[in-house]
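Heavy atoms only: backbone and side chains are in, while hydrogens, waters and symmetry mates are out. Keep in mind it's a predicted model, so treat the numbers as computed, not measured.
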Amino acid sequence: MSNLKAFRVSGGLATEIPGSSVALERQLQTLIESNMEAMLGIRFLASEYATGRHRGRIDSLGLDENGTPVIVEITDRQLCCP
């Protein structure tokens with residue numbers, strides 16, 4: 001994830017925010033959860049939400065403006081996808 005970039009959007013113009021890259025999936029997840037409303041318009045509800053008897057986990061769970069559940073999965077492409 002060395003080339004992950006962050007942007008500030010103002011007046012319809014995106015400007016890159018200089019800074020260090022997010023090295024670990026968990027750090028990226030925490031960053032997104034802390035800013036989910038501003039970044040995605042989703043109200044954050046839970047982190048590492050258990051899916052029940054399937055014993056799965058949802059990285060981040062939130063609600064959109066209509067109250068519809070939104071699932072956000074954070075994955076390091078280098079680890080998951082060749």
Side-chain angles (χ1 to χ4, degrees):
M1 288 195 198
S2 61
N3 46 349
L4 178 69
K5 297 179 181 181
F7 294 88
R8 176 175 289 117
V9 178
S10 178
L13 180 65
T15 307
E16 184 177 348
I17 301 170
S20 60
S21 63
V22 179
L24 301 173
E25 182 179 323
R26 183 65 190 150
Q27 289 175 319
L28 177 59
Q29 182 178 343
T30 300
L31 175 67
I32 290 172
E33 289 173 351
S34 297
N35 297 283
M36 196 175 280
E37 184 87 38
M39 293 171 72
L40 305 172
I42 298 168
R43 184 168 57 99
F44 174 70
L45 292 179
S47 183
E48 299 300 326
Y49 184 80
T51 60
R53 63 187 175 108
H54 299 86
R55 295 186 181 184
R57 289 201 154 318
I58 295 170
D59 287 345
S60 305
L61 180 64
L63 293 175
D64 71 7
E65 68 275 3
N66 299 313
T68 303
V70 177
I71 297 168
V72 178
E73 287 292 320
I74 310 297
T75 304
D76 182 340
R77 178 171 283 191
Q78 293 176 354
L79 295 176
C80 83
C81 310

Where Glu73 and Arg57 come nearest, the two heavy atoms and their spacing |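 Here Glu73 and Arg57 meet closest at OE2-O, 3.7 Å.
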
Indicate the atoms forming the closest heavy-atom contact of Ile74 with Asp59, along with that distance.
-> N-OD2, 2.7 Å

Thr68 side-chain N/O to Asp64 backbone N/O, donor-acceptor pair under 3.5 Å |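 Pair absent, no side-chain N/O of Thr68 close to backbone of Asp64.
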
Determine all donor-acceptor pairs shorter than 3.5 Å in which one atom belongs to a side chain in residues 36-46; sequence neighbours excluded.
none

Would you indicate whether the side-chain heavy atoms of Leu28 and Ile32 approach each other to under 4.5 Å?
-> yes

Which value, rounded to the nearest 0.5 Å, describes the distance between Ile71 atom CD1 and Ile58 atom CD1?
-> 4.0 Å

Ser47: partners by side-chain hydrogen bond (donor to acceptor under 3.5 Å, both in side chains), with sequence neighbours left out |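 By the side-chain hydrogen bond (donor to acceptor under 3.5 Å, both in side chains) rule, Ser47 matches Arg26, Gln29, Glu33.
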
